[in-house]
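Here the structure is a predicted model, which is why all the values come from computation and not from measurement.
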Amino acid sequence: MTHISDNIKYIGVNDKTIDLFEGQYVVPNGVSYNSYAIIDEHIAIFDTADKRKTEEWLDNVEVALCGRTPDYLIISHMEPDHSASIAALIKKYPSIVAVGNEKTFNIAERFFGNLIANKLVVKEGDELSLGKHKLKFVFAPMVHWPEVMFTYETTEKVLFSADAFGKFGALDVEEDWACEARRYYINIVGKYGSTVQTALKKAATLDIKVICPLHGPVLKENLAYYLDKYNTWSSYTPEDKGVLIAYASIYGHTGEAANKLAEMLRSKGEKVVVADLARYDMAEAVEDAFRYDRLVAASVTYDGGIFPVMEQFLNRLKSKNYQNRTVAIVENGSWAPASGRLIRAYFEGMKDVKIIEKTVTVKSALKADTEQELQELANELVK
């Protein structure tokens with residue numbers, strides 16, 4: 001069990017039975033649904049759990065309360081992986097008061113109808129005393145839903161940060177924080193960089209000793225590291241120097257060109273990641289596109305357009321506000337190459353994306369003249 005302090009208890013649950021988070025993201029090590037309880041003169045529970053784990057979560061609540069009745073349920077975020085057990089909690093403890101903002105309860109009504117009878121509507125900066133512990137509410141709209149709010153506990157200096165600073169992976173799995181936190185952030189929160197920046201500025205005014213997110217580990221040490229990562233990701237600043245070569249190939253010729261370019265770049269000392277978009281986890285490909293400062297999009301022409309997995313990749317980049325990067329394009333076509341022009345149109349609609357002027361065209365299969373063009377492209381990318 002995760003230990004926070006004598007009075008702040010972790011009551012969340014791990015879920016290793018889930019295969020797709022939000023119905024689309026592969027989670028090989030599962031996910032945690034984090035929930036917390038502050039035990040004081042009054043007791044506050046922070047968020048609930050996904051319906052997949054309602055009974056296990058309620059058992060954790062009962063153990064933490066030691067026979068007492070909770071006074072408040074703080075609702076940080078109404079997404080069902082955190083709110084689906086609200087009905088079960090109210091059934092068990094009908095006197096509990098739900099605490100949220102106006103938007104919280106608007107969304108709650110859509111999920112639960114008139115279930116929540118006892119409610120406390122709070123505004124930005126409002127405070128709630130539990131006894132020795134005082135809660136201050138800090139709104140974080142569109143990180144990544146409109147009702148999201150952080151709660152800052154002023155005595156032990158704990159920030160309950162909703163989905164911010166979360167990651168994939170159950171808590172009993174040993175893995176690098178940044179890798180799965182980055183994939184989580186870019187794919188789920190990445191569209192909302194400007195509002196994350198606003199939330200970070202609010203957090204900077206607080207003396208934070210512990211961060212308690214709704215997914216992933218409780219963060220107690222080196223908080224500057226996590227805050228710096230979030231600042232980098234939310235400002236769309238490349239995290240590392242390197243090149244992602246994302247390709248879509250039918251019979252292997254476009255893939256051959258992509259791997260040849262990768263060899264050329266590596267020989268010049270560049271960090272290169274190659275992603276076959278038909279086989280690579282799409283969420284990880286999007287993560288890598290944001291992680292590195294350069295991207296090569298290489299696609300065969302298909303039905304006069306872009307090969308479907310490449311188009312899916314480009315649409316995801318667009319939806320997550322891809323920007324501040326350098327992009328190169330490689331196309332392939334046996335009789336009428338068109339993918340390069342269409343890929344270029346995608347990137348021309350994105351903010352502060354520098355597109356290398358020359359598109360390398362592979363005509364069916366890689367040949368000596370095309371290899372020379374790839375070498376010139378490698379030189380341009382290294383610049």
Side-chain angles (χ1 to χ4, degrees), residues 4-5 7-9 34-48 70-79 82-83 86 89 96-110 116-166 185 189 191-215 218-220 223-224 226-228 230-231 233-235:
I4 303 170
S5 74
N7 298 111
I8 302 179
K9 309 292 185 181
N34 294 347
S35 176
Y36 308 92
I38 296 181
I39 312 299
D40 203 323
E41 293 174 29
H42 301 284
I43 295 174
I45 292 173
F46 291 78
D47 298 287
T48 69
D71 298 280
Y72 300 106
L73 168 64
I74 313 299
I75 304 174
S76 305
H77 184 22
M78 274 301 304
E79 200 169 7
H82 308 299
S83 68
I86 288 177
L89 183 71
I96 196 167
V97 176
V99 180
N101 55 67
E102 187 175 347
K103 291 179 180 178
T104 305
F105 294 113
N106 288 340
I107 296 174
E109 187 173 344
R110 294 167 194 160
I116 302 176
N118 304 320
K119 62 182 72 171
L120 174 62
V121 180
V122 296
K123 296 182 173 61
E124 173 92 36
D126 281 357
E127 295 189 3
L128 176 64
S129 175
L130 303 178
K132 293 181 180 178
H133 295 79
K134 307 290 192 298
L135 307 181
K136 181 177 181 179
F137 301 104
V138 181
F139 287 14
M142 298 317 302
V143 183
H144 55 125
W145 278 30
E147 85 301 351
V148 171
M149 69 180 188
F150 298 166
T151 303
Y152 177 63
E153 196 291 300
T154 62
T155 301
E156 298 194 49
K157 305 185 187 308
V158 177
L159 181 69
F160 296 90
S161 62
D163 269 347
F165 304 101
Y185 174 86
V189 189
K191 179 181 177 70
Y192 305 105
S194 62
T195 51
V196 174
Q197 284 280 301
T198 299
L200 287 174
K201 289 175 183 174
K202 292 181 181 180
T205 67
L206 306 172
D207 181 13
I208 302 169
K209 302 299 184 186
V210 179
I211 297 176
C212 290
L214 287 179
H215 296 292
V218 172
L219 307 176
K220 295 182 177 182
L223 297 187
Y226 305 106
L227 290 164
D228 180 66
Y230 252 64
N231 183 56
W233 298 339
S234 60
S235 61

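Salt bridge annotation for E109-K119: absent, with no cationic side-chain nitrogen under 4.0 angstrom from a carboxylate oxygen.
The backbone N or O of H82 sits nowhere less than 3.5 Å from a side-chain atom of D47 that would complete a donor-acceptor pair. In terms of modelled atom types and a separation under 3.5 Å, the side chain of T198 and the main chain of S194 share a donor-acceptor contact. The closest donor-acceptor contact from the side chain of E147 to the backbone of M78 lies under 3.5 Å. A donor-acceptor contact shorter than 3.5 Å links the side chain of T195 to the backbone of M142. Judged by distance alone, with hydrogens and angles left aside, the side-chain atoms of K202 form no donor-acceptor pair with the main-chain N or O of A140 at under 3.5 Å. Side chain of Y152 to main chain of D207: a donor-acceptor pair is present (N/O by atom type, distance under 3.5 Å, no hydrogens or angles).
Of the residues Y36, F46, F150, F165, the one that meets the side chain to side chain contact (heavy atoms under 4.5 Å, CB included) test with C212 is Y36.
Side-chain contact between L128 and L120 is present, with at least one heavy-atom pair separated by less than 4.5 Å. Side-chain contact between V158 and I8 is present, with heavy atoms from C-beta onward closer than 4.5 Å. When side chains are defined from C-beta on, V122 counts as touching V99, because their heavy atoms get closer than 4.5 Å. With contacts defined as side-chain heavy-atom distances shorter than 4.5 Å, the pair E156/H133 qualifies. With a 4.5 Å cut-off on side-chain heavy atoms, K136 and D126 do not count as touching. Looking at Y72 and I38, their side chains never come closer than 4.5 Å, going by heavy atoms from C-beta outward.
The minimum heavy-atom distance between I45 and S35, with the atom names listed, is CG2-OG, 4.1 Å. Considering all non-hydrogen atoms of both residues, N101 and M149 come closest at ND2-SD, 3.8 Å. Scanning all heavy atoms of the two residues, the minimum distance from I208 to A203 falls at CD1-O, 3.7 Å. Of all heavy-atom pairs spanning P213 and N34, the tightest one is O-ND2, 2.9 Å. Closest of all the heavy-atom pairs between I86 and L73 is CG1-CD2, 3.9 Å. I75 approaches A98 most closely through the heavy-atom pair CD1-CB, 4.1 Å.
Below 30°, between 30° and 60°, or above 60°: for Y185 and Y230 the angle between ring planes is above 60°, a perpendicular geometry. Using a 30° and 60° split on the angle between ring planes, H77 and H144 fall in the perpendicular class, above 60°.
Atom NZ of K132 sits in a sparse spot, with 12 or fewer heavy atoms from other residues, nucleotides or ligands closer than 6.0 Å.
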(message) Quick one, Q197 with N231, criterion side chain to side chain contact (heavy atoms under 4.5 Å, CB included). Give me CA distance, side-chain angles, the key distance, then yes/no.
(response) CA-CA 7 Å; Q197 284 280 301; N231 183 56; 3.0 Å; yes
(request) Check step by step if side chain to side chain contact (heavy atoms under 4.5 Å, CB included) holds for N7 and D40. (result) CA-CA 7 Å; N7 298 111; D40 203 323; over 6 Å; no
(request) Take T155 and E153, measure what side-chain hydrogen bond (donor to acceptor under 3.5 Å, both in side chains) needs, and give me the verdict at the end. (result) CA-CA 6 Å; T155 301; E153 196 291 300; 3.3 Å; yes
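One finds the OG atom of S161 at 12.5 Å from the OH atom of Y226 (value rounded to the nearest 0.5 Å).
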